[in-house]
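Heads up: the structure comes next, in structure tokens.
Chain A is the first sequence line, chain B the second, and so forth, proteins listed ahead of strands; every chain is numbered from 1.
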Amino acid sequence: MRVKTVGPIGAKIMFVGEASGEHEDNCGRPFEGFAGKTLTGLMSQANINRNEVLITNVFKTRPPGNRVSWFFLDKECTMVKPEFRDDIEQLKQDIQFHKPNIVVALGNTALYALYGEKIISKFRGYILNSTLVPGQKLIATYHPQNINWEWKNHFPMILDLKKALRNSDTPDIPVDNRILKYDVSADEFINYCEKFVEDGCDISLDVETLQPGTHVTILGLAPSPDFAVSITLIDGRMPTLSYTKEKQVWNAVGQVTKNCPMIMQNGSYDAGVLLHNNGVYVRDLKFDTLIAAHICFPEMPRDLGFIASIVLDVPPWKHLANQNKAYYNAGDCAATFEIARRLEKQLKQTDQWEQFLFEMAEIEPALMMQIQGVKINKEVASELTAECDRITQDCDEKLQVITGRKINYNSPKQLQQLLYIDMGLPPQFKKRKSVNEPRKISADKKAIKRLKRDHKDNPMFDLLLNYKQYNKLRQFVSVETDENDYVYTSYNVTGKKFDADNGTDDDWRKSFGRWSSSQSVILPYGSGNLQNIPEVARKIYTAPEGYVFLSGDLVQAEAVVVAYYIGDNTLKKLFRDRLNEPDPEKKKKYDVHKYTGSIMFRKQQDDVSKEERRIGKTLRHASNYAAGPTVIADELGCSLLEAKKLLLIYYNSCPQLGLWHSRIQAELRQTRVLTNLYGRKHRFLDRWGDPLFRSAYSYKPQSSVGDHLNIGLTQFYNKYCHEVRMIFQLHDAFYLLVKEGTEEYWARKMYEECVRTIYINDEPMTIEMDFKVGPSWGESEDFPVWIEYEEDERKSRYVRV
DNA sequence: GATTTTACGTA
DNA sequence: CGTACGTAAAATCT
């Protein structure tokens, strides 16, 4: 049965879907089946009443197998079969008859029919002018069915629908009055720069770069959302200006960044390139739209195109990037300026301005650490590399004797063949996220450990584990350095690697306020991420003659935060006593894990064995985040039954934990927004269920500790960056490179900036900081410094939880 | 040659 | 059914 367009005459919004499914075919009305239910739900979340809108499909009949490609001649679905062209004509006439203020295209097919473009992810959320009915305002979003498959598109789709509603008052398509000047002459560009300096106005800046070397090819500036100017410095691979002229341009840009408050999208990159390559220092990065987006939409993509699509009412421009880079760059500058205005408003309205400011303040220390880099000891590095090679070769040879064949142990496929087919061992499976997923066979470390447990007499499993360990270690110790033996990392304040721009982006990033570390695009030397270097490999990072590494780490930080959240009085006292204990030897007495062991095994703390302490540590850690018995069993190497017993004892000894977990769930149910100890808000967008809860349990402690350290680190940097060098940030610790003999002086300064009190329900919580000193990152010893801590009102925060 | 999968290091 | 992050090598696709 052909479906009709349904809805009231005079409706302001018209939804256009794809084609009929089974239900639609039966009743002749669009969106009556499963996808229809989803659509109704989405509409109501966007405050749209389904009865007040028009709904139709592009194709009026049901394709065999529900495949849309049936309507097209080609696989890419770009040529409609002649017999279905009437459907398109019908759609056109329907729109012209009803004259809705806005049409909403649902999915690729509708977007193609109405606008001639195929990739919904690139065009969704923008205000478009329909090509099928020129002058008709159009917005595209996902097909409801897609939301059922890809949950991460759920929230953007609701935002799109809300935008459609906002734009349904009038049929007017916003006119683009922007003046985007591109490829201006050097002199004209310099004139603009001088004018901007004279006005002292906010300026948004954006650079395009060329690899390798990260040379600036195009530079754009905008003093408002309506005007932008860009200059091309490198065309292809050739400079466009003479040396003298280009120098004049850089001088002019330098004056702008010296005198004007700057606005950027990911300023850490642009400012880093300008500083490192062009000697241009950005004095006042006033507003970074990446940071703002991270605070406002912590689970959303943060590229400029996406932010624009949810914050602005503009036509899409990102797909033009390859046609005219200079024009596109100017467009980016203008868009960044406007996004900054809108997000500033939103940050203030949602009471997150303070959080925004302290995240902004983290940019400079993060950037400086990136550009300074760390020196590698090449001798130690090559020794360790040789050792890795020796051990892996040795394992390889011994394994060859045992198994009688030579395979690549790094190959999951070959290893699975060897273990589960040739040797006939019981296949091991990877843990699934949900029971609906198919079980996946695996030959990873965990699998081998399990096999080892059941075949204690066979030495091959130890050899395999050894091989894997040293093979992995090799990648951390054999690193490429620059000509001065330095390596670098990019510390990313918003904790995110950028999503691929090919539309096939993987999981979204949660980013709980911790920094991430990744390979620097500006200085691509070293293993990239410096936050996952194994202990042994840290030996290659040695301090120069006369210097040592000094680290300050927050003691048991997450455990402290959890203890206060759940209200565990014994633990609170334990942490407090440790804080007030001047004797470093006696401090060791206050050991959470020994305490846990003593409860679990009902004995005095002094009688707790090493093994019992380990069990206590594992249990506390795992159960804070609601881990299950399988994980405990794997971690402890015990049976599932034993793990279950241990967990039961643990939960009985700590009933507050379960209550806290329930409270988090209740909090989620309200608004899905959780707030940490520093006021950082996070809206959780996952489907309702266990993975959501687990993620939420870890949010408050993890992000609170992250913010706690980063605030201290930033304060420390602002005071002392001219006197001392900051080297690493490891989530709950940071490292300095200090002159021998000044360790204690700097330890005290770190303590002053990092140790502060948060009052939780009027109770003071203080996380202690301990210090370590060593000639290399890998060889350090405790460096006890007794600092009497006075709770200082000025440094404190009050929170209710 | 480009993309996806598998594995594994840290807090 | 800890979570979060980034990278390398193998496997697979085109």
Next on the checklist: What's A:N624 touching, base or sugar-phosphate or nothing? Going by heavy atoms closer than 4.0 Å.
Outcome noted: nothing
Next on the checklist: In this structure, how many angstroms lie between the C1' atom of B:dT6 and the CG atom of A:L419, rounded?
Outcome noted: 15 Å
Next on the checklist: Apply salt bridge (charged side-chain N to carboxylate O under 4.0 Å, His left out) to residues A:K468 and A:D444 and explain how you reach the verdict.
Outcome noted: CA-CA 9 Å; A:K468 277 179 177 279; A:D444 64 5; over 6 Å; no
Checklist entry - Can the ring centroids of A:F728 and A:Y735 be said to lie less than 6.0 angstrom from one another? => result yes
Checklist entry - Of the nucleotides C:dA4, C:dC1, B:dA7, which has the atom closest to the A:Q416 side chain? => result B:dA7
Checklist outcome for this item: Heavy-atom nearest nucleotide on DNA chain C taken for A:S520 and for A:K446; more 5' hit belongs to A:K446
Item to check | Ring-ring centroid check A:Y564 A:F575, cutoff 6.0 Å | outcome: no
Checklist entry - Could you give the CZ-to-C1' distance, from A:R450 to B:dA7, as a whole number of Å? => result 14 Å
Next on the checklist: Is A:S695 close enough to C:dT3 that one of its side-chain N or O atoms is under 4.0 Å from OP1 or OP2 there?
Outcome noted: no
Next on the checklist: Working note: A:Q400 + A:T403, criterion side chain to side chain donor-acceptor pair (under 3.5 Å); need CA distance, chi angles, decisive distance, verdict.
Outcome noted: CA-CA 5 Å; A:Q400 216 172 313; A:T403 64; over 6 Å; no
Checklist entry - Between C:dA10, C:dC1, B:dA7, which one does the side chain of A:P629 approach most closely? => result C:dC1
Checklist entry - How is A:A537 classified with respect to the nucleic acid when contacts are heavy atoms under 4.0 Å: base, sugar-phosphate, or nothing? => result nothing
Next on the checklist: Could you tell me how far apart A:L730 (CG) and C:dC5 (P) are, to the nearest whole angstrom?
Outcome noted: 17 Å
Checklist entry - Base, sugar-phosphate alone, or nothing: which one does A:P701 contact when heavy atoms must sit under 4.0 Å apart? => result nothing
Checklist entry - Under 4.0 Å between a side-chain N/O of A:K440 and OP1 or OP2 of B:dT5, yes or no? => result no
Checklist entry - Parallel, tilted or perpendicular: which describes the rings of A:F684 and A:H682, with under 30° parallel and over 60° perpendicular? => result tilted
Next on the checklist: Could you tell me how far apart A:Q475 (CD) and C:dA8 (C1') are, to the nearest whole angstrom?
Outcome noted: 5 Å
Checklist entry - Reckon A:K468 has a side-chain N or O less than 4.0 Å from the OP1 or OP2 of B:dC8? => result yes
Item to check | Closest to side chain of A:Q702, choosing from B:dA7, C:dA4, C:dC1 | outcome: C:dA4
Next on the checklist: Measuring to OP1 and OP2 of B:dA7, would you say a side-chain N or O of A:S442 lies under 4.0 angstrom away?
Outcome noted: yes
Item to check | Length of the CZ-P vector between A:F512 and B:dT10, whole Å | outcome: 22 Å
Next on the checklist: Can you see if the side chain of A:S518 gets near the phosphate of C:dC5 - specifically, an N or O under 4.0 Å from OP1 or OP2?
Outcome noted: no
Checklist entry - Is there a donor and acceptor pair, one atom on the side chain of A:N529 and one on the base of C:dG6, closer than 3.5 Å? => result no
Checklist entry - Under 4.0 angstrom, heavy atoms only, what part of the nucleic acid is A:D690 near: base, sugar-phosphate, or nothing? => result base
Checklist entry - Which part of the nucleic acid, if any, lies within reach of A:Q519 when heavy atoms closer than 4.0 Å are counted: base, sugar-phosphate only, or nothing? => result sugar-phosphate
Checklist outcome for this item: Residue pair A:G526/A:W515 against DNA chain C: nearer the 5' end by closest nucleotide is A:W515
Checklist entry - When we call it a touch if two heavy atoms are under 4.0 Å apart, what does A:R620 touch: a base, just sugar-phosphate, or nothing? => result nothing
Checklist entry - Would you say the base of C:dC5 and the side-chain of A:N532 have a donor-acceptor pair closer than 3.5 Å? => result no
Checklist entry - Nearest to the side chain of A:K445 - B:dG9, B:dA7, C:dA8? => result B:dG9
Checklist outcome for this item: By the Watson-Crick or G-U definition, both distances under 3.5 Å, C:dC1 is matched with none
Next on the checklist: Output the rounded distance in Å from CD (A:E480) to P (C:dT7).
Outcome noted: 15 Å
Next on the checklist: If you only use heavy atoms from C-beta on, which nucleotide in C:dT3, B:dT10, B:dC8 is closest to the side chain of A:S698?
Outcome noted: C:dT3
Next on the checklist: Of the listed nucleotides (B:dA11, C:dA11, B:dC8), which one gets closest to any side-chain atom of A:Q414?
Outcome noted: C:dA11
Checklist entry - Hey, does A:K413 reach any base, or is it just sugar-phosphate, or nothing, if we go heavy atoms under 4.0 Å? => result sugar-phosphate
Item to check | Pair A:K700 + A:E667, salt bridge at N-O below 4.0 Å | outcome: yes
Checklist entry - Got A:V374 and A:L530 here, is their nearest side-chain heavy-atom distance under 4.5 Å? => result yes
Checklist entry - Over how many whole Å does the gap from A:K472 atom NZ to B:dG9 atom P extend? => result 6 Å
Checklist entry - Within this structure, what is the CG-to-P distance between A:L692 and C:dA4, rounded to whole angstrom? => result 10 Å
Checklist entry - Does a side-chain N or O from A:N492 land closer than 4.0 Å to OP1 or OP2 of C:dC5, or not? => result no
